[in-house]
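Each remark here refers to the structure printed beneath this line.
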Amino acid sequence: MTNLEITWVLAEIADLLELGGENPFKVKAYRQAVRVLHHLPEPVAVMAQRGELAKLPGFGKTIVATVKELLSTGTCTSLARLREEVPAGLREMLAIPGLGVRSIRTIYSHLGISTLAELEQAAREKRLRTLPGIGTKSELTVLRNIEMFRQQHGRFPLGVALPFANQLVAEVRTLPGVERAEIAGDVRRGEEMVETARIVVGADEPDRVLEVIAGHPQAARDTVREGPSISFRTWMGLAVKVTVVSRKDFIWEWFLATGSRAHTNRVAEMASGNRIPPNRLNSGSFLQEEWEIYSLLGLPYIPPEIRENCGELEAAKDGSLPELLLPENIKGDLHIHTMWSDGLNTIEEMAKAAYAMGYEYLAITDHSHSLAIANGLSVERLQEQWEEIRDLNRQNLGIRLFTGVEVDILADGRLDYPDEVLAQADVVIASIHSGFRQEAEKITTRIEGAMKNPHVDIVAHPTGRMLGRRRPYDIQIERVLDLAARTGTWLEINAFPDRLDLCDKHARQCKDMEIPIVINTDAHDVNRLQEMLYGVITARRGWLTVDDVMNTRSFDQITRVLGAKGKKK
DNA sequence: GCCGTTTTCGGCCCGACTGTTTTCAGTCG
């Protein structure tokens with residue numbers, strides 16, 4: 001069992017205990033264990049083999065026993081018991097923003113409601129508002145958020161689906177007779193929410209490969225064999241489809257399975273005048289690589305991330321296809337956290353990890369004072385931290401560190417540090433962590449105010465959305481983009497896979513408006529620095545090139561532009 | 001459930017916003 005799978009079990013236990021009215025601190029203990037596992041640099045199975053589980057913070061007798069049971073049997077008796085006691089639907093309700101444990105328990109005890117469908121019906125029939133502590137506004141919020149939940153239902157963030165697909169494809173490649181196996185579908189195109197993780201395999205004897213995959217331990221339910229494909233859901237619920245064809249059909253199948261449907265349909269249309277069977281070249285030999293399909297049509301290769309039928313074929317025809325950003329173009333990360341606020345590693349550890357990734361620079365941008373839950377820095381602690389950064393720079397770590405802050409845009413629109421403090425930082429990021437639900441005018445004005453401040457370089461996670469969990473703030477994005485273009489404020493693509501904020505569409509709008517983009521991980525530990533990849537994928541989906549992204553610049557270049565920015569009007 | 005003891009119990013990141021109230025509880029980050 002992977003760390004991720006174990007966190008899912010522990011998180012479910014926490015939720016069910018909470019719904020069952022257990023001691024909140026017991027619940028928190030499980031949640032803490034989930035947090036620790038999320039940040040663990042190695043498989044927990046390996047730690048278990050070394051007998052080191054109990055060394056993990058927050059891992060006592062019970063949680064160690066639970067993890068051991070999962071690792072050895074794949075099951076969990078305490079979870080099984082809880083599932084019998086607490087209706088599964090109540091846990092689904094926890095995913096509805098605005099509904100917490102107390103409200104769910106009230107609804108369950110008064111109305112006997114234990115499924116989302118019943119909840120929705122009761123809200124429509126205006127029965128929720130009759131309950132103590134629930135009024136008309138809450139009832140409407142519930143209805144709106146059920147709708148959001150349904151739209152996401154059964155989909156998983158790219159951050160979950162991509163690692164899974166990578167692992168599956170690596171396993172399939174080891175099977176006898178498999179010549180080639182590749183990720184296709186939503187995952188290959190980098191869609192932020194994945195409906196189905198698709199794999200395409202080219203093999204000698206497709207049937208034999210399909211049989212083996214049918215027995216894959218992750219093929220937990222809904223397994224269906226249909227023609228050359230097998231579909232199943234992992235026990236987490238992620239839909240998977242593996243298609244196995246002969247080697248000669250591989251490239252065409254891979255292309256079709258990658259989609260999008262709108263893109264492949266148009267390509268097929270363009271090719272229909274061409275009497276060659278789709279898996280062959282003019283010469284009669286079989287396709288060896290995907291670019292040959294485009295080449296047959298006289299087009300350059302079109303990267304999967306922009307195969308959405310939104311101008312890519314036209315651009316390919318007239319030679320204006322952009323040369324998309326690559327992960328190796330990124331020279332530094334300008335938004336990370338350390339133990340000074342709510343991060344898990346020291347500045348030095350983060351710096352060394354960033355150096356190991358080949359970066360030239362890293363900005364240390366911990367939270368500001370008002371974000372108490374994240375241990376935000378007072379002005380005094382901020383100055384102390386900057387001293388440490390200057391010390392580290394003198395030690396010549398091979399990577400240059402920028403002093404910085406992620407300063408809160410407070411609910412009334414003020415910034416959480418005075419201008420004279422901001423003026424001293426190399427990098428100032430402004431972002432919102434409170435008052436998410438303010439009305440459009442108010443919250444837009446807040447962000448505009450921050451952008452007008454001459455010391456603010458970057459606005460981080462500009463829309464505030466959390467995929468599948470939280471809607472964007474009610475901001476007027478056009479106004480924000482407009483002002484960013486005028487003030488030269490950089491807008492962030494936050495690479496954290498639950499955020500991806502800005503999204504691909506907004507990134508493309510920024511490109512059109514010549515607004516500088518910066519891709520940051522917002523990493524709270526050394527592992528999460530690796531999530532830069534998700535930001536790069538989002539940027540590629542937004543058609544961004546090296547020129548559009550500021551942290552592709554060298555240390556000297558970025559120092560120069562950051563230095564010049566302090567004078568913006 | 002975990003931790004760290006002035007060891008076997010008592011405490012466990014805090015503060016703001018929202019919607020429900022009519023002085024506060026629930027939710028969220």
Side-chain angles (χ1 to χ4, degrees), chain A residues 9-11 13-37 53-67 76 78-79 82 93-108 128-145 337 339-344 366-378 381 406 408-414 416 431-439 442-443 446 460-461 464-466 469-471 473-474 494 496 498-499 501 522 524:
Chain A
V9 172
L10 297 178
I13 293 176
D15 285 352
L16 296 184
L17 286 173
E18 194 174 20
L19 287 164
E22 258 290 359
N23 174 2
F25 294 108
K26 191 166 167 177
V27 175
K28 209 162 114 187
Y30 281 96
R31 300 238 161 94
Q32 171 62 14
V34 168
R35 226 172 96 88
V36 169
L37 285 186
L53 285 185
K55 286 188 189 165
L56 290 170
F59 278 56
K61 229 166 83 180
T62 310
I63 291 180
V64 166
T66 306
V67 172
C76 176
S78 58
L79 176 59
L82 281 166
M93 290 185 208
L94 268 185
I96 308 296
L99 271 189
V101 172
R102 294 303 290 266
S103 308
I104 292 170
R105 284 168 64 86
T106 304
I107 292 167
Y108 180 51
L128 296 186
R129 64 180 66 177
T130 65
L131 300 177
I134 298 177
T136 52
K137 282 208 166 179
S138 301
E139 194 176 67
L140 281 169
T141 308
V142 166
L143 266 181
R144 275 176 24 136
N145 287 330
H337 297 272
M339 283 166 70
W340 280 84
S341 64
D342 60 348
L344 295 172
D366 276 307
H367 290 290
S368 61
H369 192 221
S370 287
L371 207 62
I373 193 173
N375 192 23
L377 273 59
S378 64
R381 287 183 63 222
E406 180 180 13
D408 246 65
I409 305 171
L410 301 173
D412 62 6
R414 285 178 305 121
D416 200 18
S431 62
I432 284 183
H433 292 99
S434 61
F436 300 110
R437 280 169 287 185
Q438 287 173 349
E439 54 153 14
K442 194 165 180 191
I443 200 159
R446 273 167 80 192
H461 41 77
R465 72 167 182 176
M466 295 290 254
R469 282 189 283 149
R470 192 170 77 204
R471 298 163 173 279
Y473 321 131
D474 198 9
N494 191 289
F496 182 50
D498 288 8
R499 287 191 184 267
D501 178 15
D522 200 354
H524 284 62

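Chain naming here is simple, since letters A, B, ... match the order of the sequence lines and numbering starts at 1 in each.
Comparing the P positions of dC14(B) and dC9(B) gives an interatomic distance of 26 Å, to the nearest angstrom.
dC9(B) is paired with dG4(B) under the criterion used here, namely a Watson-Crick or G-U wobble arrangement in which both key atom distances are under 3.5 Å.
In this structure, the nucleotide among dG19(B), dG29(B), dG15(B) sitting nearest to the side chain of A372(A) is dG15(B). Ranking dC28(B), dT18(B), dG29(B) by closeness to the Q438(A) side chain, first place goes to dT18(B). Here the side chain of F25(A) is nearest to one of dC12(B), dC28(B), dG19(B), namely dC12(B). Candidate nucleotides dT18(B), dG1(B), dC28(B) were compared by shortest atom distance to the side chain of Y30(A), and dG1(B) ranks first. Set against dT20(B), dC28(B), dT27(B), the side chain of K137(A) has dT20(B) as its closest nucleotide. Residue R102(A) places its side chain closer to dT27(B) than to any other of dG29(B), dT27(B), dC2(B). The R470(A) side chain lies nearest to dG29(B) when the options are dT18(B), dC2(B), dG29(B). For K28(A), the side-chain atoms get nearest to dC13(B) when compared with the rest of dC28(B), dC13(B), dG29(B). Side-chain proximity of A29(A) to the nucleotides dT20(B), dT18(B), dG1(B) is greatest for dG1(B).
Counting non-hydrogen atoms under 4.0 angstrom, L17(A) reaches nothing in the nucleic acid. At the heavy-atom level, P132(A) lies nowhere under 4.0 Å from the strands shown. In this structure, L371(A) reaches neither bases nor backbone, as no heavy-atom distance under 4.0 Å exists between it and the strands shown. Using a 4.0 Å heavy-atom criterion, one finds that S103(A) contacts the sugar-phosphate atoms exclusively. Residue A411(A) is in sugar-phosphate contact alone, with no base atom involved, counting any heavy-atom pair closer than 4.0 Å across all strands shown. Here V27(A) lies out of heavy-atom contact (under 4.0 Å) with every strand. At a threshold of 4.0 angstrom between heavy atoms, the contacts of T136(A) are confined to the sugar-phosphate backbone, with no base atom among them. Counting any heavy atom pair closer than 4.0 Å across all strands shown, N23(A) reaches a base atom.
At whole-Å resolution of the value, CD1 in I107(A) and P in dT27(B) are 9 Å apart. Taking atom CE of residue M466(A) and atom P of nucleotide dG29(B), one finds them 7 Å apart after rounding to whole Å. The separation between K61(A) atom NZ and dG4(B) atom C1' is 17 Å, rounded to whole Å.
Under the 3.5 Å distance criterion, the side-chain polar atoms of R31(A) are left unmatched by any main-chain donor or acceptor of A11(A).
Not one side-chain nitrogen or oxygen of S138(A) sits closer than 4.0 Å to the OP1 or OP2 atom of dG26(B).
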